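Keep in mind the model is a prediction, meaning the values are calculated, not measured. Just so you know, ligand 1 is whichever comes first in the structure, and atom 1 is the first atom listed for that ligand.
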Amino acid sequence: MSELILLKLGGSVITDKTKPFTARMDVIERLAQEIGNAFRERGSDLQLIIGHGSGSFGHEVAAKYQTHKGAVSAESWLGFAEVAHAAAELNHLVVKALRQVGVPAMRFQPSASTRTRGEQLMYFETFPLKEALKNGLVPVVYGDVSVDAAQGMSIVSTEVLFDNLARELTPSRIILAGQVDGVYEADPTTNPDAEIIEDIDRGNWEEVEAVLGGSHGTDVTGGMFTKVRDMYRLTLAMPPMQAMIMSAEEPGNLEAVLKGQMVSFGTLIN
Ligand code: IPE
């Protein structure tokens, strides 16, 4: 039976977060190559759904219009369309790079198929995506805007979409490839000796939670706590699914992980 992987390319790795609307094309093209290599090598043994963040595209505009807070001003709906446009522009670059290396990628625009309530995803039309996947295509979703039943509009992150897709499709692995090497045992910016936690499971979860949720850690990891906690809960709910948090900066790492090789980097949550 083929393996299904949900792969997120973090907004921090595919865009330059310090420059609005700046894609790191060299990185996007390299990652597309790595995905293409794994996809070709594994053939029908690998099914892939890719998601990506918005980095300096959607986040900038979303902050300007406060989209995550809902329809808060006369400009909000204009902002809704602008954020959607920014997110889709980056998506176009990602899908194009994937297609150029032979990955049969196809965009599935989340804002056209989701509905949230108070930022919680309550509806996600996945039928077309599942049909595409079944027929050998690689669906690509991304952090986007969503119509929201409570506040008019909100933002859906790739992780939220993945949570929903994972529960429907039971992948064997979720890979979050970003800029950080994994989950650190302490804040590496103030504690240079801090090491990566290789495994997170029932055995050390309480310890990890205390470190990440404490006064340190939270910022370093830029919202890493919520991400790790949500992935931990999801893996608990869906054994034997595993989640991995890794850096996509080091060439070859993503390819190795997608090929299912034993690796000695990143943090594995199971
Ligand atoms: C953010 O999506 C979406 C928008 C701001 C439009 P994600 O949460 O998936 O993206 P990153 O990885 O933080 O950029």
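Residue-to-ligand polar distances keep Ser157 apart from ligand 1: every N/O pair is separated by 3.5 Å or more. Taking distance alone, with nitrogen or oxygen atoms compared against 3.5 Å, His52 stays at or beyond that limit from ligand 1. Ligand 1 has an N or O atom lying under 3.5 Å from an N or O atom of Gly55, backbone or side chain. For ligand 1, the polar-atom distance check against Gly11 finds a nitrogen or oxygen pair separated by under 3.5 Å. Looking at ligand 1, you won't find any N or O of Ser12 less than 3.5 Å from one of its N or O atoms.
When only non-hydrogen protein atoms are considered, atom 2 (O) of ligand 1 lies nearest to Gly143 CA, 3.3 Å. Ranking protein heavy atoms by distance to atom 10 (O) of ligand 1, first place goes to Gly53 CA, 3.0 Å. Annotation: atom 12 (O) of ligand 1 to nearest protein heavy atom, Lys8 NZ, 2.8 Å. Nearest protein heavy-atom neighbour of atom 4 (C) of ligand 1: Ser54 CB, 3.7 Å.
Interface of Gly58 with ligand 1, defined as ligand atoms under 4.0 Å from a residue heavy atom, comprises 5 (C). Close contacts of ligand 1 with Val83, meaning ligand atoms under 4.0 Å from a residue heavy atom, involve 6 (C). Taking a cut-off of under 4.0 Å to the non-hydrogen atoms of His59, the atoms of ligand 1 that pass are 1 (C), 5 (C), 10 (O), 11 (P), 13 (O), 14 (O). Within ligand 1, the atoms closer than 4.0 Å to a non-hydrogen atom of Ile155 are 3 (C), 4 (C), numbered from 1 in the order shown.
Lys259 has a carboxylate O that lies under 4.0 Å from a charged side-chain N of Glu255, or vice versa, which qualifies the two as a salt bridge. Salt bridge status for Arg24 with Glu249: present, with a side-chain N to carboxylate O gap under 4.0 Å. Under the 4.0 Å criterion applied to side-chain N and carboxylate O atoms, Arg167 and Asp163 are assigned as salt-bridge partners.
Distance check, rounded to the nearest 0.5 Å: CD1 of Ile28 to CG of Leu93 gives 5.5 Å.
Not a single heavy atom of His68 sits under 4.0 Å from any atom of ligand 1.
Taking every heavy atom of both residues into account, Ala149 and Arg115 meet most closely at CB-NH2, 3.7 Å.
Heavy atoms of other residues, nucleotides or ligands lying less than 6.0 angstrom from CD of Glu207 number 12 at most. The number of heavy atoms from other shown groups lying within 6.0 Å of NZ (Lys69) does not exceed 12.
Side chain to side chain, Thr116 and Asp148 meet the donor-acceptor criterion of an N or O pair below 3.5 Å. Residues Asp144 and Ser111 bring a donor and an acceptor atom of their side chains to less than 3.5 Å of each other.
Geometrically, Arg229 engages Phe225 in a cation-pi contact, judged by NZ or CZ lying under 6.0 Å from the ring centre and within 45° of the ring axis.
At a 4.0 Å heavy-atom cut-off, ligand 1 touches Thr158 through backbone and side chain alike. With a heavy-atom cut-off of 4.0 Å, Thr67 does not touch ligand 1 at all.
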